[in-house]
2 protein chains.
Amino acid sequence: MAEREAERSVSQTVRAQLALRELIVSGGLRPGERISELQAVEVTGVSRTPVRMALVRLEEEGLLEAIPSGGFMVKAFSERDILDSIELRGTLEGLAARFAAERGVSSRDLEPLKECLNEIDGLVRQEPISMEAFSSYVALNARFHALLAELSRSPPLIRQIDRASALPFASPSGFVMAQSALPEARQILLIAQDHHRVVVDAIENRESARAEAIMREHARLAARNLRLALRNRTHLDLLPALALISAG
Amino acid sequence: MAEREAERSVSQTVRAQLALRELIVSGGLRPGERISELQAVEVTGVSRTPVRMALVRLEEEGLLEAIPSGGFMVKAFSERDILDSIELRGTLEGLAARFAAERGVSSRDLEPLKECLNEIDGLVRQEPISMEAFSSYVALNARFHALLAELSRSPPLIRQIDRASALPFASPSGFVMAQSALPEARQILLIAQDHHRVVVDAIENRESARAEAIMREHARLAARNLRLALRNRTHLDLLPALALISAG
DNA sequence: TCCGGCGCTAATGTATACAGTCTGAATTCA
DNA sequence: TGAATTCAGACTGTATACATTAGCGCCGGA
């Protein structure tokens, strides 16, 4: 073993999990397609035991589905599933925002959030948003949402949001980048950024109801945009990617 | 192998998972206590491989926590964690109720819910509620909440509710039964049952906002009762049990 | 030609052997 | 006497061998 000397620090299980997740979200395996252990062994380069562990974790994560007769397949999501997931996440994040506002946060805690906001501002200011900028936006947006969840100071809620976010919003694939060329993209991003700003303001002023409402609205906007996007391009393959951009 | 001929139908992994979960929620292992694989092997009677799978699943489920240096320990929950979990579940169930109301359900779909309601009615009618009746109530209440989640027709949401419900509400242990003797128990059950009735009515009449609001209120009542109960008896060991009764 | 049964192959589920590492204690030196 | 270092034990992480089962194709009969 130890064929690859680099990055031997992390466990084989984690490496397998990352590799398989990447394979799934990048579209290397079609939804509904079976994923055999030996196949996974070849892909990841580790033994069957860590591969199995990774598969179990990915199942719990929601990316895989157990086949009754044994083994796993890539989980397939309907359009409705993804729309629901967006609203679900919005609801959870609304609760997180409410908790943050109710519990009260110091301005010191809000600092990272505001930094994030400013960085995003710098990105969306560009007129046609470059693919690189859009890529950065995706990362920053994820960071903002993660920070917001943390602000709730509720481990159970943070955990749940993590679970809810993991799935249909996973892939920063090529499809996503392609979306950045759309003329509406910048508009969506500007509105989403406005939502971000409002929620920070609401939390700062302890307006819990407003904080919760805006995050729900944020999700509703995302869902609406996804629905619109689906009118134009009906490739189901694009769903995860579209969900990502729509989730703003 | 096959030392126990009975129940060879289910896989070793599932058996191990059930046995270990029972061990944890029944209090056989204290929160924070480490659970070694060999120990688990002795308890479950299966080999290390299925035991490991079960441990990973239980970690993803939230009952266990990974120790950085390796292995797992029983997860410890603070009072705040449990209160948050109750509110979290209420929020998710509120969304489920809203989905059900928005999407519209046939009276045929509501039939099982109403049956459940009637059965609970029969139980709470008794003046001092017997331990057996209370035990039945716990089961029926869980059934009601599961049915409600199903009514949302949203697999992602159902899954999430399942996850949120699993944890601090797990153990139907002896402690729970002891609670049934409390004089306030019946009052709590009656109010909770009223909530149940209202949500079914709201869904039937497509009042989505009302359906959502009542489930949130339901959770808030539960949280308040738990807080009150904690004033009297401050044993942290009782938390899961108290959460269960308070979750009504 | 079609249907059914039988056998094979391959993949999963399980068990166990092996290696690396962390913990804890005991011993030794300052 | 205290602290540090080393050694031993155990436990996890990993790899692989074994068994069982499900799926699938082929062959034979109607």
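Hydrogens, waters and symmetry mates play no part in the numbers below; they use all other heavy atoms, side chains included. Throughout, a chain's letter reflects where its sequence line sits, starting with A, and its residues are numbered from 1.
- Atom P of nucleotide C/dA11 and atom CD of A/Glu42 are separated by 10 Å, given to the nearest angstrom.
- For C/dT16, its base sits under 3.5 Å from the side chain of B/Thr49 at one donor and acceptor pair at least.
- The side chain of B/Ser69 lies closest to C/dC22 when the candidates are C/dT16, C/dT12, C/dC22.
- Under the 3.5 Å distance criterion, the side-chain polar atoms of B/Glu102 are left unmatched by any main-chain donor or acceptor of B/Phe99.
- Among the nucleotides D/dT16, C/dA15, D/dG13, the one closest to the side chain of B/Arg52 is D/dG13.
- With C/dT12, D/dG13, C/dT14 as the choices, the nucleotide that has an atom nearest any side-chain atom of B/Ser11 turns out to be C/dT14.
- A/Phe72 places its CZ atom 16 Å from the P atom of D/dA22, with the value rounded to the nearest Å.
- The side chain of A/Gln12 places an N or O atom within less than 4.0 Å of a non-bridging phosphate oxygen (OP1 or OP2) of D/dA15.
- No side-chain N or O of A/Arg163 forms a donor-acceptor pair with one of A/Gln160 less than 3.5 Å apart.
- Rounded to a whole Å, the CE atom of A/Met53 is 10 Å from the C1' atom of D/dT14.
- Taking atom CZ of residue B/Arg15 and atom P of nucleotide C/dT14, one finds them 9 Å apart after rounding to whole Å.
- Using a 4.5 Å cut-off on side-chain heavy atoms (C-beta onward), A/Arg57 and B/Arg57 make no contact.
- Of the residues near DNA chain C, B/Pro50 and B/Arg34, the one whose nearest nucleotide (by heavy atom distance) lies more toward the 5' end is B/Pro50.
- Remark: the backbone N or O of A/Ser78 is paired with a side-chain donor or acceptor of A/Asp81 at under 3.5 angstrom.
- Mapping A/Arg48 and B/Glu37 onto DNA chain D via the closest heavy atom, the residue that lands nearer the 5' end is B/Glu37.
- Among the nucleotides D/dC11, C/dT12, D/dA15, the one closest to any side-chain atom of B/Leu38 is D/dC11.
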